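Notes follow the structure.
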Amino acid sequence: MGLFDGINASASGLTAQRLRMDVASANTANADSTRGRLVDGEWEPYRRKMVSLRSNESDFSSHLQQAMGRSSSGNSGRGVQVDGIVEDPSPFKQVYQPNHPDANDEGFVEMPNVDPLKEMVNMMGASRSYEANITSMNASKNMMMKALEIGRGQ
């Protein structure tokens with residue numbers, strides 16, 4: 001494990017959690033947007049987006065072998081990577097508003113599939129993960145500083 005692997009893993013986590021917060025903010029801002037994109041000549045409501053993350057690590061067995069000293073693959077501490085931003089396939093909400101400009105013939109309007117409560121929970125989770133990555137990064141930095149102090153003989 002390299003000297004900066006812990007900091008690099010925390011940095012990748014910070015980047016991923018920041019993106020999660022940005023996407024949750026965009027979802028919340030568009031919770032009432034009935035015109036998100038044009039599909040087959042018709043306006044579709046905004047569709048909720050989600051961040052897909054994946055580990056930069058290999059499988060568990062290779063980590064176990066490395067921890068037991070049987071492998072020196074050197075791939076620990078690589079953190080997380082954004083796999084992509086995917087759209088939520090859940091159906092749109094139907095709301096009866098006959099005076100709305102986007103209402104259909106029966107008076108129903110398709111509203112985005114965004115649940116503000118769910119977005120707030122996602123935002124809180126991303127914020128807590130962000131804080132945990134900062135704490136981890138600070139701990140790594142403090143350990144490096146102590147190692148330097150030991151090296152100087154103080």
Side-chain angles (χ1 to χ4, degrees), residues 1-68 71-97 100-104 108-147:
M1 182 167 181
L3 182 63
F4 292 102
D5 285 348
I7 289 178
N8 290 338
S10 294
S12 72
L14 288 170
T15 302
Q17 299 311 322
R18 170 68 190 267
L19 181 62
R20 281 185 61 207
M21 287 189 269
D22 289 346
V23 169
S25 296
N27 287 342
T28 302
N30 288 293
D32 294 322
S33 299
T34 57
R35 294 185 183 194
R37 65 179 177 177
L38 203 57
V39 176
D40 298 329
E42 300 267 336
W43 283 104
E44 183 180 84
Y46 176 83
R47 190 169 287 277
R48 177 177 179 253
K49 294 176 179 41
M50 302 174 294
V51 177
S52 173
L53 303 175
R54 70 178 171 88
S55 173
N56 279 341
E57 307 291 335
S58 53
D59 62 350
F60 178 75
S61 62
S62 66
H63 285 287
L64 183 60
Q65 294 297 321
Q66 183 180 358
M68 294 172 58
S71 170
S72 59
S73 60
N75 60 354
S76 62
R78 292 194 183 154
V80 68
Q81 180 179 351
V82 175
D83 205 23
I85 298 176
V86 296
E87 291 186 341
D88 185 356
S90 63
F92 297 117
K93 296 181 246 177
Q94 298 285 329
V95 178
Y96 183 71
Q97 290 181 339
H100 194 283
D102 293 326
N104 61 15
F108 286 95
V109 179
E110 282 189 326
M111 298 299 285
N113 57 352
V114 175
D115 180 5
L117 182 61
K118 201 181 278 188
E119 298 308 319
M120 185 57 71
V121 169
N122 285 341
M123 182 75 80
M124 289 172 58
S127 177
R128 297 267 169 92
S129 295
Y130 193 90
E131 290 171 8
N133 279 297
I134 288 174
T135 301
S136 174
M137 188 178 283
N138 285 335
S140 295
K141 180 186 79 168
N142 289 336
M143 284 188 278
M144 284 185 229
M145 294 301 291
K146 290 295 180 186

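We're numbering straight along the sequence, starting at 1. Predicted, not measured: the structure shown is a model, and the values here were computed from it.
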State the [atom1]-[atom2] distance between [X] and [Y], to the nearest 0.5 angstrom.
X	Y	atom1	atom2	answer
Asp115	Met120	CG	CE	11.0 Å
Ile134	Lys141	CD1	NZ	11.5 Å
Asn138	Met143	CG	CE	10.5 Å
Tyr96	Asn104	OH	CG	10.0 Å
Glu119	Met50	CD	CE	9.5 Å
Ser33	Glu44	OG	CD	12.5 Å

Minimum heavy-atom distance Pro112-Tyr46, with the two atoms named: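 Between these two residues, the closest heavy atoms are CB-O, 3.2 Å.
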So, do [X] and [Y] sit near enough that their side-chain heavy atoms are less than 4.5 Å apart?
X	Y	answer
Ser55	Val80	no
Asn30	Arg48	no
Asn27	Lys49	yes
Met111	Phe92	no
Val39	Arg37	yes
Gln97	Val95	yes

Candidate pair Leu14 and Met137, rule side-chain contact (heavy atoms from CB on, under 4.5 Å), full reasoning: CA-CA 10 Å; Leu14 288 170; Met137 188 178 283; 3.6 Å; yes
So, [X] side chain and [Y] main chain: donor-acceptor pair closer than 3.5 Å or not?
X	Y	value
Arg47	Asp88	yes
Thr34	Pro45	no
Lys93	Val114	yes
Thr135	Glu131	yes
Ser127	Met123	no

Evaluation steps, side-chain contact (heavy atoms from CB on, under 4.5 Å), between Asn133 and Gln17: CA-CA 9 Å; Asn133 279 297; Gln17 299 311 322; 4.2 Å; yes
Met144 atom CE, neighbour heavy-atom count above 12 within 6.0 Å: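 It does: Met144 CE has more than 12 such atoms within range.
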Full working for side-chain contact (heavy atoms from CB on, under 4.5 Å) between Ile85 and Leu19: CA-CA 10 Å; Ile85 298 176; Leu19 181 62; 4.2 Å; yes
Sequence neighbours excluded - salt bridge (Lys or Arg N to Asp or Glu O under 4.0 Å) pairs with any residue from residues 15-35: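 Applying salt bridge (Lys or Arg N to Asp or Glu O under 4.0 Å) to every pair that reaches into residues 15-35, excluding sequence neighbours, yields Arg18-Asp22, Arg35-Asp102.
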